[in-house]
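Contents: one structure, followed by commentary.
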Amino acid sequence: MEHKLSIYNTLSRKKEEFVPLHANKVGMYVCGPTVYGDGHLGHARPAITFDILFRYLTHIGYKVRYVRNITDVGHLENDADSGEDKVAKKARLDEVEPMEVVQYYVNRYHKAMEMLNILPPSIEPHASGHIMEQIDFVQKILDAGFAYVSEGSVYFDVEKYNLKHNYGKLSGRNVEDMLETTRELDGQSEKRRSVDFALWKKASPEHIMRWKAPWSLGFPGWHLECSAMGTKYLGEQFDIHGGGMDLMFPHHECEIAQSTAALGKETVKYWMHNNMITINGQKMGKSLGNFITLEEFFTGNHPLLTQAFSPMTVRFFILQAHYRSTVDFSSAALEASEKGLSRLMEGYARLQKLAASATSSVETAGLRDKCEEAMSDDLNTPIVISYLFDALKAINLVHDGKETISSADLGELKAVFSLFIEDLLGLKAENEAGSGNEAYKKAIDLLLNMRLEAKQNKDWATSDKIRNELTALGFEIKDTKDGFEWKI
RNA sequence: GGUUCGUUGGCCGAGUGGCUAGGCACCGGUCUGCAAAACCGAUUACGGCGGUUCGAAUCCGCCACGAACCUCCA
């Protein structure tokens with residue numbers, strides 16, 4: 001059964017049925033990372049959220065072009081005084097080439113994304129590789145009369161734009177209020193109004209990353225790259241633009257203004273924003289210095305972490321909350337997710353070995369439909385997961401011989417689990433130490449077979465000794481009807 | 001101050017008018033030589049006060065508390 005996909009559009013502040021601009025094709029743009037530091041849990045959230053959307057859109061039959069940018073220029077570090085961008089600053093400190101810093105962190109970002117089983121986007125454009133497109137974009141805005149040049153820099157004229165269009169429609173602001181509240185801060189600026197924002201910025205002498213433009217030797221403004229690259233790869237109008245909620249204002253608001261000013265029309269149909277990850281109720285973020293990098297999660301090397309958490313645990317943890325809710329981080333919450341995930345994945349492995357009977361005593365019909373329905377309802381992954389846990393119960397009961405399943409139902413259940421767990425939620429089994437080492441596995445089997453013999457002779461002392469010592473080494477031993485199972 | 005959003009059981013976290021998601025923890029039971037795992041069962045909820053309604057965690061109003069954005073941020 002087909003369910004219509006509905007997604008929450010920040011522009012209208014409600015769920016809307018998703019209707020693509022072009023039949024069967026979807027264009028989707030997501031704000032990617034600024035590569036001047038290691039990725040943290042906050043970066044994982046949009047990456048995972050829009051990975052789910054990418055996978056789901058593909059699953060329901062769309063051909064999706066997914067663009068996720070790399071920000072490696074612009075984004076001023078401090079207020080107007082320095083005019084130096086983040087990447088340049090870091091590079092000077094480290095005494096390396098700016099692009100070397102970019103490459104280093106891009107590599108690390110890709111590595112982390114791969115570990116989290118996030119599919120690569122269709123196109124991953126760098127802002128630094130699209131300076132010409134950005135200069136053209138600035139020129140279009142100037143030509144349209146919505147920008148002005150001031151001492152080598154170009155600024156967007158928000159007040160003028162707002163006379164014809166609605167600046168603030170995305171974030172619910174109005175320009176008059178903003179001028180009221182910020183007027184006092186507006187000193188001897190090159191800007192006419194405090195609300196105006198830079199499209200092109202003249203580089204200060206010490207600024208390393210600079211490009212030649214009609215107005216000055218400089219660099220593009222903070223928000224321009226997304227407008228320029230989005231339209232370049234997805235067209236003047238495309239379906240979905242995503243990113244974190246913190247980007248709603250000013251970043252996305254400015255994007256709307258830029259694109260509307262340059263092209264004379266709305267570019268994006270659906271704006272989607274994932275919520276923040278909090279830590280003790282407060283946002284986890286770079287500027288707050290309370291973030292935990294992904295690498296620290298994977299190694300457990302952070303004061304707030306009681307242990308290491310695998311990439312799949314992190315992914316599962318994030319998927320257990322709806323993307324529009326904040327999710328509060330704690331080591332205890334991660335531990336709970338780890339156990340839940342492990343139970344789910346064991347059940348999934350168990351499902352593959354289940355024996356079919358003539359008839360089913362468990363009810364598994366409708367699972368696919370319910371899961372599809374939850375996914376199509378604004379990507380409600382927590383509900384999908386809850387249904388999978390319901391089905392897990394049936395799997396375990398059949399495994400224990402307390403219930404039966406027909407081969408048709410078994411086949412369907414396998415297909416549904418495979419589809420949702422692997423293809424859509426993107427969860428995969430994580431084989432830890434020892435995978436692939438046959439000799440090692442056989443040695444453990446040998447020990448456990450000796451224990452089995454001891455058990456048959458009712459030599460509990462020997463049998464418990466083997467089990468206890470293996471347990472102490474980190475193995476988990478389970479006795480089964482006709483033998484044993486183990487894992488580490 | 002402005003804008004937006006939130007407050008659910010021991011913890012995490014779904015749910016938008018009636019049918020009390022799910023996970024983790026805890027307790028009791030089944031199974032087991034004992035465990036582990038699995039299964040069965042029990043318990044604990046909707047910030048406060050009013051209103052609408054036959055009926056509200058869910059709609060409306062007020063209050064309290066918290067968060068995000070208004071400056072780079074996922």
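- Looking at heavy-atom distances under 4.0 Å, A/K283 makes contact with a base.
- In terms of position along RNA chain B, the nucleotide closest to A/K478 lies nearer the 5' end than the nucleotide closest to the other residue of the pair A/K478 and A/F249.
- Computed from coordinates, the A/L392 CG to B/A38 P distance equals 8 Å when rounded to whole Å.
- Distance from the side chain of A/D328 is smallest to B/C12 among B/A14, B/C70, B/C12.
- With a cut-off of 3.5 Å on both pairing distances, the Watson-Crick or G-U wobble partner of B/C54 is B/G18.
- Residue-to-nucleotide contacts include a donor-acceptor pair under 3.5 Å from the side chain of A/D464 to the base of B/G33.
- With a cut-off of 3.5 Å on both Watson-Crick or G-U wobble distances, the partner of B/C26 is given as none.
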#### Entry: Worked verdict on A/Y105 versus A/Y36 for ring pair (Phe, Tyr, Trp, His ring centres under 6.0 Å)
CA-CA 6 Å; A/Y105 286 116; A/Y36 70 110; 7.9 Å; no
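- Atom pair A/L470:CG and B/A35:C1' shows a separation of 14 Å (rounding to whole Å applied).
- Out of B/C69, B/A14, B/C39, the shortest distance to the side chain of A/K393 is found at B/C39.
- Of the candidate nucleotides B/C70, B/C39, B/G15, B/C39 has the atom nearest to the side chain of A/N396.
- Looking at heavy-atom distances under 4.0 Å, A/G340 makes contact with sugar-phosphate atoms alone, never a base.
- A/Q282 comes within contact range of the sugar-phosphate backbone alone, with a heavy-atom separation under 4.0 Å but no base atom that close.
- Nucleic acid contact for A/H399: none, since no nucleic acid atom lies under 4.0 Å from a heavy atom of the residue.
- The residue A/V327 sits close only to the backbone: its heavy atoms come under 4.0 Å of sugar-phosphate atoms, none of a base.
- Closest contact between the side chain of A/D400 and the listed nucleotides B/A21, B/G22, B/C39 involves B/C39.
- For the atom pair NZ (A/K402) and CG (A/N396), the distance works out to 9.5 Å, reported to the nearest 0.5 Å.
- Searching all strands for a Watson-Crick or G-U wobble partner of B/C49 with both distances below 3.5 Å returns B/G61.
- Taking 4.0 Å as the cut-off between side-chain N and carboxylate O, A/E469 and A/K465 count as a salt-bridged pair.
- Comparing A/D377 and A/G281 along RNA chain B, the residue whose closest nucleotide (by nearest heavy atom) sits nearer the 5' end is A/D377.
- In this structure, B/U4 and B/A67 make a Watson-Crick or G-U wobble pair, each of the two defining distances being under 3.5 angstrom.
- Taking a cutoff of 4.0 Å between a charged side-chain nitrogen and a carboxylate oxygen, A/R451 and A/D479 qualify as a salt bridge.
- For B/G9, there is no paired nucleotide, since no Watson-Crick or G-U wobble pair has both relevant distances below 3.5 Å.
- Atom NE2 in A/H252 sits roughly 14 Å away from atom P in B/C69 (whole-Å rounding).
- Of the candidates B/G15, B/G22, B/G23, the closest approach to any side-chain atom of A/R343 belongs to B/G23.
- Scanning all heavy atoms of the two residues, the minimum distance from A/A127 to A/D72 falls at N-OD1, 3.3 Å.
- Note on A/L344: nothing from the nucleic acid sits closer than 4.0 angstrom, heavy atoms only.
- Among B/C70, B/C24, B/A21, the nucleotide with an atom closest to any side-chain atom of A/P382 is B/A21.
- Residues satisfying the salt bridge (charged side-chain N to carboxylate O under 4.0 Å, His left out) test with A/E346, not counting sequence neighbours, are A/K478, A/K487.
- Residue-level contact check: A/R350 touches the backbone only, with heavy atoms under 4.0 Å from sugar-phosphate atoms and none from bases.
- Among the atoms of the strands shown, base atoms are found under 4.0 Å from some heavy atom of A/R467.
- Using a 4.0 Å cut-off between charged nitrogen and carboxylate oxygen, A/K191 and A/D157 do not count as a salt-bridge pair.
- Pairing for B/U32 is absent, with no Watson-Crick or G-U wobble pair whose two atom distances lie under 3.5 Å.
- Within 4.0 Å of A/M276, counting heavy atoms only, lies at least one base atom of the nucleic acid.
- Between A/F50 and A/H241, the gap from one ring centroid to the other reaches at least 6.0 Å.
- Across all strands, A/A332 comes closer than 4.0 Å to no nucleic acid atom at all (heavy-atom distances).
- Rounding to whole angstrom units, CD1 of residue A/I383 and P of B/A21 are separated by 10 Å.
- With hydrogens and angles ignored, a donor-acceptor pair closer than 3.5 Å exists between the side chain of A/D479 and the base of B/C34.
- The listed nucleotides are B/G22, B/A38, B/A14; the one nearest the side chain of A/Q320 is B/G22.
- Residue A/I477 is classed as a base contact, given a heavy-atom separation below 4.0 Å to a base.
- Note: CD (A/E403) to P (B/A38) measures 17 Å, nearest angstrom.
- In terms of polar N and O atoms assigned as donor or acceptor, the side chain of A/S463 comes within less than 3.5 Å of the base of B/G33 in a complementary pairing.
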